[in-house]
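Okay, so here's the structure we're looking at.
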Amino acid sequence: GGIRQYDSNFTLLASYNSPASYPKGITHGNNYLWVSCGDNKIYKMDISNMSVISSYSSPATDPRGLTWHDNKLYVVCGDNKIYKLNPETGAVVHSFTSPMENTTDIAFDNDGNIWTANRSYDINRYNLNNGNLLNSLRGPYSYLQGVFLMENNELIFMYTREYSNDSFLIKVKNLHI
């Protein structure tokens with residue numbers, strides 16, 4: 001697998017080798033790039049040259065989506081738990097079971113609510129403090145791999161067709177939440 005850098009028009013700028021096989025999650029936080037991979041590790045990478053600065057074992061097997069919120073790294077793993085990590089040590093600060101089955105990715109909106117995506121069609125927004133479901137969206141395709149919320153609350157989904165190498169992005173503008 002590899003990591004590819006695109007501009008806002010989706011023009012390929014650069015391509016880098018993944019730190020390990022099968023990269024699954026990627027996020028930016030504290031001026032670093034964080035990548036979860038199939039070797040059950042999370043990698044901290046230098047954004048300027050994509051070199052690995054450090055790595056640590058995932059808190060559970062099959063680390064999937066990553067997101068950065070309030071100076072902490074969050075990862076959702078195959079045990080369907082969401083882990084809040086100390087980004088420097090990888091130590092678990094807090095964990096909780098995802099409210100939806102087969103969660104593949106997570107993101108936070110500007111209000112601190114958590115969005116979850118799963119392998120079905122579901123994208124849900126929850127209040128992180130009490131776990132209440134706030135919104136539920138039905139995606140157009142199954143096998144949703146990623147969800148990313150832009151600073152202006154535009155939602156971007158990444159789908160991967162199961163059993164193929166095809167991936168595509170869907171950007172939802174003017175999402176009123």
Side-chain angles (χ1 to χ4, degrees), residues 1 3 18 22-30 32-38 40-45 55-160 162 167-172 175 177:
I3 299 171
S18 172
Y22 198 43
K24 296 182 180 183
I26 190 168
T27 195
H28 177 266
N30 203 24
Y32 298 103
L33 193 67
W34 303 86
V35 180
S36 63
C37 291
N40 293 322
K41 288 190 177 183
I42 297 170
Y43 294 86
K44 177 182 178 181
M45 301 179 71
S55 68
Y56 42 80
S57 295
S58 172
T61 59
D62 192 20
R64 298 173 182 172
L66 293 171
T67 195
W68 186 267
H69 180 68
D70 287 342
N71 294 313
K72 298 293 184 225
L73 184 65
Y74 287 75
V75 60
V76 61
C77 294
D79 62 356
N80 213 47
K81 285 190 176 181
I82 297 170
Y83 295 89
K84 178 181 181 181
L85 305 177
N86 175 320
E88 296 305 315
T89 65
V92 175
V93 175
H94 179 68
S95 69
F96 56 96
T97 300
S98 175
M100 64 190 319
E101 291 294 319
N102 295 313
T103 301
T104 54
D105 204 4
I106 51 178
F108 284 91
D109 64 23
N110 295 341
D111 297 324
N113 298 307
I114 192 166
W115 289 79
T116 60
N118 72 4
R119 288 187 179 161
S120 296
Y121 296 84
D122 304 317
I123 302 127
N124 293 326
R125 182 172 69 126
Y126 297 92
N127 179 303
L128 187 61
N129 296 320
N130 60 25
N132 289 342
L133 176 66
L134 301 174
N135 295 84
S136 185
L137 303 172
R138 190 83 169 149
Y141 304 99
S142 65
Y143 216 72
L144 179 60
Q145 286 290 91
V147 59
F148 182 75
L149 203 66
M150 305 292 282
E151 287 184 20
N152 59 1
N153 273 348
E154 289 182 339
L155 197 59
I156 296 179
F157 311 119
M158 184 188 83
Y159 288 91
T160 302
E162 199 166 10
S167 294
F168 50 97
L169 299 174
I170 297 174
K171 185 175 181 180
V172 178
L175 180 66
I177 52 177

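Residue numbers count from 1 along this sequence.
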* Asked: Does some side-chain heavy atom of Thr27 sit less than 4.5 Å from a side-chain heavy atom of His69?
  -> no

* Asked: Can Phe108 and Asp70 be said to form a side chain to side chain contact (heavy atoms under 4.5 Å, CB included), step by step?
  -> CA-CA 10 Å; Phe108 284 91; Asp70 287 342; over 6 Å; no

* Structure fact -> Rounded to the nearest 0.5 angstrom, the OG-CZ distance for Ser58 and Arg64 is 10.5 Å

* Structure fact -> d(Asn71 CG, Asn30 CG) to nearest 0.5 Å is 6.5 Å

* To do: Determine, step by step, whether Met100 and Leu133 satisfy the side chain to side chain contact (heavy atoms under 4.5 Å, CB included) criterion, reporting the C-alpha distance in whole Å, the side-chain angles of both residues, the deciding distance to 0.1 Å, and the verdict.
  => CA-CA 10 Å; Met100 64 190 319; Leu133 176 66; over 6 Å; no

* Distance-minimising heavy-atom pair for Gly112 and Leu128 -> O-CB, 3.7 Å

* To do: Answer whether the closest heavy-atom distance between the side chains of Leu85 and Val92 falls below 4.5 Å.
  => yes

* **Flag side-chain contact, heavy atom, 4.5 Å: Trp115 against Asn124** => no

* If we only count heavy atoms from C-beta on, is the Pro87 to Lys72 side-chain gap below 4.5 Å? -> yes

* **Ala60 to Asp79 - nearest heavy-atom pair and separation** => CB-OD2, 3.4 Å

* **Minimum heavy-atom distance between Cys77 and Pro63, given as atom pair plus value** => SG-CA, 3.9 Å

* **Over 12 non-hydrogen atoms of neighbours within 6.0 angstrom of OH in Tyr56** => yes

* For Trp34 and His28, which heavy atoms make the closest approach, and how far apart are they? -> CD1-C, 4.4 Å

* Non-hydrogen side-chain atoms of Ile114 and Thr67 separated by less than 4.5 Å -> no

* Just one of Asn102, Asp62, Thr103, Leu66 clears the side-chain contact (heavy atoms from CB on, under 4.5 Å) bar with Val76, so which one? -> Thr103

* For Leu134 and Tyr126, work out which heavy atoms get closest and say how close. => CD1-C, 4.0 Å

* Structure fact -> CG of Asn127 to CG of Asn135, rounded to nearest 0.5 Å, is 11.5 Å

* With rounding to the nearest 0.5 Å, note down the distance linking SG in Cys37 to NZ in Lys24. => 9.0 Å

* Nearest 0.5 Å, what's the CH2-OH distance between Trp68 and Tyr74? -> 10.5 Å

* Asked: How far apart are the closest heavy atoms of Val93 and Asn86, and which atoms are they?
  -> CG2-N, 3.6 Å

* Structure fact -> Taken to the nearest 0.5 Å, the spacing of Ile82 CD1 from Ile106 CD1 works out to 5.0 Å

* Asked: With distance as the sole test, does Asp111 use its side chain to make a donor-acceptor pair with the main-chain N or O of Asn113 at under 3.5 Å?
  -> no

